[in-house]
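These values consider heavy atoms only, across backbone and side chains, with no hydrogens, waters or symmetry-generated copies.
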Amino acid sequence: MQQAAAVPPTAVEPSAAVAPQAHTTVQATPRPSAPVTHQTAPRSTNPVQPQPAPPRRAAQARASETAGWGRPKRSGPARGRSRDEIGWVKAHGGSGATSLAETLGGVDVGARWPDPARGEPRRVVLVGRTSASGLRSVSQALGALKEGNAPQGLDLLCVVLVADAPGRLPLGLLRRIRVLRSVARVHRVPWIPAWRTGGRPKTVPRQLTTLAKLVGGEIYGEGAAS
């Protein structure tokens, strides 16, 4: 009877007691589901909201480019010594109009058509380079004048095309000049190296002498016509 009381089946009971503890640890693992919902909180739409601003700036840039040739940039009028003084109009920057005004006299109006009603010159000369971009600017300026996008009372004497480089022009540029000749009187001026360095030519080309007679000016420079 004493041996029957010492049967060890109760030794298995501790393993059964451990099993429920293992189940409880497994049940605790699903809790990280709450942080997962927190990770989805950042909104991806916020960085996209500032993107409409660049198209607006691009539209404004395109509007300024297509606003038309000849928008006034000066606060005051460009007046000469008399109403009949020549106004040199730049078709674009670096056209040579300033050098022509210093050489032949007259008023450097700028890249716009002057307004005779404001006391600005009514007799004007449009100046541009013989490069492709220069001829395109001259065409745009003449188009603005033809379409009435210029002050009333202007008298366009001619278009002066200053050589953009020494040597002959390519055939494509000569064709563009022929088109301009069908719209206005064109007067060409050769390449003058002294103008590149801001000086005055020691020998004045005969084209400048002819232009001086056309505009009624005098050549302010050294040397004689060649």
Electrostatic pair Glu85:Arg122 at N-O distance under 4.0 angstrom:
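Looking at Arg122 together with Glu85, the answer is no, because their closest N to O distance does not fall below 4.0 Å.
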
Measure the [atom1]-[atom2] distance between [X] and [Y] for me, rounded to the nearest 0.5 Å.
| X | Y | atom1 | atom2 | answer |
| --- | --- | --- | --- | --- |
| Leu180 | Thr130 | CG | OG1 | 11.5 Å |
| Leu154 | Glu120 | CG | CD | 9.5 Å |
| Arg123 | Ile86 | CZ | CD1 | 3.5 Å |
| Trp88 | Asp108 | CH2 | CG | 10.5 Å |
| Leu142 | Glu147 | CG | CD | 11.0 Å |
| Arg181 | Cys158 | CZ | SG | 11.0 Å |

Any chance you could lay out the side chain to side chain contact (heavy atoms under 4.5 Å, CB included) test for Asp164 and Leu169, step after step, and finish with the verdict?
CA-CA 9 Å; Asp164 65 308; Leu169 290 178; 4.1 Å; yes

Ignoring hydrogens and geometry, is there a side-chain-to-backbone donor-acceptor pair from [X] to [Y] under 3.5 Å?
| X | Y | value |
| --- | --- | --- |
| Trp113 | Val124 | no |
| His187 | Gln207 | yes |
| Arg129 | Leu135 | no |
| Arg176 | Ala132 | yes |

Could you walk me through whether Leu126 and Leu157 satisfy the side chain to side chain contact (heavy atoms under 4.5 Å, CB included) test, starting with their C-alpha distance in whole Å, then the side-chain angles of each, then the deciding distance to 0.1 Å, before giving a yes or no?
CA-CA 8 Å; Leu126 180 63; Leu157 298 182; over 6 Å; no

Give the minimum heavy-atom separation between [X] and [Y], together with the two atoms involved.
| X | Y | answer |
| --- | --- | --- |
| Ser137 | Ala91 | CB-O, 3.3 Å |
| Gly128 | Ser95 | CA-CB, 3.9 Å |
| Leu173 | Ser131 | CD2-C, 4.2 Å |
| Pro114 | Pro121 | CG-O, 3.3 Å |

Do Trp191 and Leu208 belong to the same hydrophobic cluster, where Ile, Leu, Val, Met, Phe, Trp and Tyr are linked whenever their side-chain heavy atoms lie under 4.5 Å apart, directly or via other members?
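Per the 4.5 Å side-chain linkage, Trp191 and Leu208 are not co-clustered.
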
As a quick check of understanding, evaluate side chain to side chain contact (heavy atoms under 4.5 Å, CB included) for Val189 and Leu161, giving each step before the final call.
CA-CA 6 Å; Val189 174; Leu161 300 178; over 6 Å; no

Check step by step if side chain to side chain contact (heavy atoms under 4.5 Å, CB included) holds for Arg185 and Leu214.
CA-CA 11 Å; Arg185 181 176 183 179; Leu214 176 64; 3.4 Å; yes

[Y] side chain reached by [X] side chain, heavy atoms, under 4.5 Å:
| X | Y | value |
| --- | --- | --- |
| Val160 | Arg188 | no |
| Val89 | Val127 | no |
| Leu145 | Leu156 | yes |

Pairing residues for Ser99 by the side-chain contact (heavy atoms from CB on, under 4.5 Å) criterion, not counting sequence neighbours:
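Partners of Ser99 by the side-chain contact (heavy atoms from CB on, under 4.5 Å) criterion, ordered by chain and then number, come out as Trp195.
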
